[in-house]
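Okay, so here's the structure we're looking at.
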Amino acid sequence: MRLGLDGNLYYLENGSTGALAKGVYRLVDLGMSGDINSPAEVNPFFLPPALGATPFQWQFHQAPDGTFFMADTGNDVIWCFRDDDASGAIDNNTEAAQYWSAGGASSLVWSVFGLSDGSLYANESQAPDRLLRLRDLNSDGVIDPLTEVEEVYDDTISSVVIGNPRGLWVVEPT
């Protein structure tokens, strides 16, 4: 769960029961009652389109510019989405994109964290376990896996092995 820049709560539903679709949901206290218990106060925010594999979203983050990033470990992609029209929901045709794809290579990206300089950090646990820095250098809205991904950490090279990294929190430099 995350407190969004707009003051609303957002949570990731992995849809294991089938009752709710997988994706990010927005919680809004419409009645100003102090709770979010009414069915009208829980709404889908971003439900990613179906891809080839079973989606498994582990974590999402909202960057300081308002863009959300979500790792889909099942499909080896990172989604980016932003509510540019302030409708309270993401239009998959105009406000969402596959920001990064492993490009056929097996990758298990678990967490993502966007910074104010536009870079996105992601950790993966897939021989090797790595920490990646992704930057959209040409501003085309997608990450080129060959030219816009920097490997910050690789457990096969480092003297300290981080086994199976799952959580990620990056502090902005001051």
If only atom types and distance count, is the side chain of [X] paired as donor or acceptor with the main-chain N or O of [Y] below 3.5 Å?
{"X": "N8", "Y": "V28", "value": "no"}
{"X": "N43", "Y": "A89", "value": "no"}
{"X": "D72", "Y": "D76", "value": "no"}

Take R135 and E148 through the test salt bridge (charged side-chain N to carboxylate O under 4.0 Å, His left out) and record every step on the way to the result.
CA-CA 5 Å; R135 293 182 296 163; E148 297 177 323; over 6 Å; no
Ring centre gap for F69 and F113 strictly below 6.0 Å:
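No, too far apart.
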Strictly under 6.0 Å, is that where the ring centroids of F68 and F45 end up?
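Yes, ring centres under 6.0 Å apart.
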Heavy-atom closest contact ([X] atom, [Y] atom, distance):
{"X": "T67", "Y": "C80", "value": "CG2-CB, 4.2 Å"}
{"X": "V112", "Y": "F60", "value": "CG2-CA, 4.4 Å"}
{"X": "A96", "Y": "I90", "value": "CB-CG2, 3.8 Å"}
{"X": "T54", "Y": "K22", "value": "CG2-NZ, 3.8 Å"}
{"X": "P64", "Y": "S116", "value": "CG-N, 3.7 Å"}
{"X": "I36", "Y": "E41", "value": "CA-OE1, 3.2 Å"}

Of the options Q57, R2, M1, which is the one that meets L12 in a side chain to side chain contact (heavy atoms under 4.5 Å, CB included)?
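Only match with L12 under side chain to side chain contact (heavy atoms under 4.5 Å, CB included): Q57.
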Just one of V109, L120, V77, V142 clears the side chain to side chain contact (heavy atoms under 4.5 Å, CB included) bar with W100, so which one?
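Output: one option passes, namely V109.
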Stepwise, does the side-chain contact (heavy atoms from CB on, under 4.5 Å) test hold for E151 with L132?
CA-CA 5 Å; E151 197 172 90; L132 307 173; 4.3 Å; yes
Residue pair M70, F81: steps toward the side-chain contact (heavy atoms from CB on, under 4.5 Å) verdict
CA-CA 8 Å; M70 181 178 70; F81 47 100; 3.8 Å; yes
Walk me through it: do L20 and Y25 pass the test side-chain contact (heavy atoms from CB on, under 4.5 Å)?
CA-CA 10 Å; L20 292 173; Y25 286 75; 3.7 Å; yes
salt_bridge(R133, D117) N-O dist < 4.0 Å
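The answer is yes: the pair qualifies as a salt bridge.
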Trace of the salt bridge (charged side-chain N to carboxylate O under 4.0 Å, His left out) decision for R130 with E124:
CA-CA 5 Å; R130 302 183 307 164; E124 65 175 3; 2.3 Å; yes
Do L9 and V24 belong together in a cluster built from hydrophobic side chains that touch within less than 4.5 Å?
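No, it is not one cluster - the side chains of L9 and V24 are not joined through contacts under 4.5 Å.
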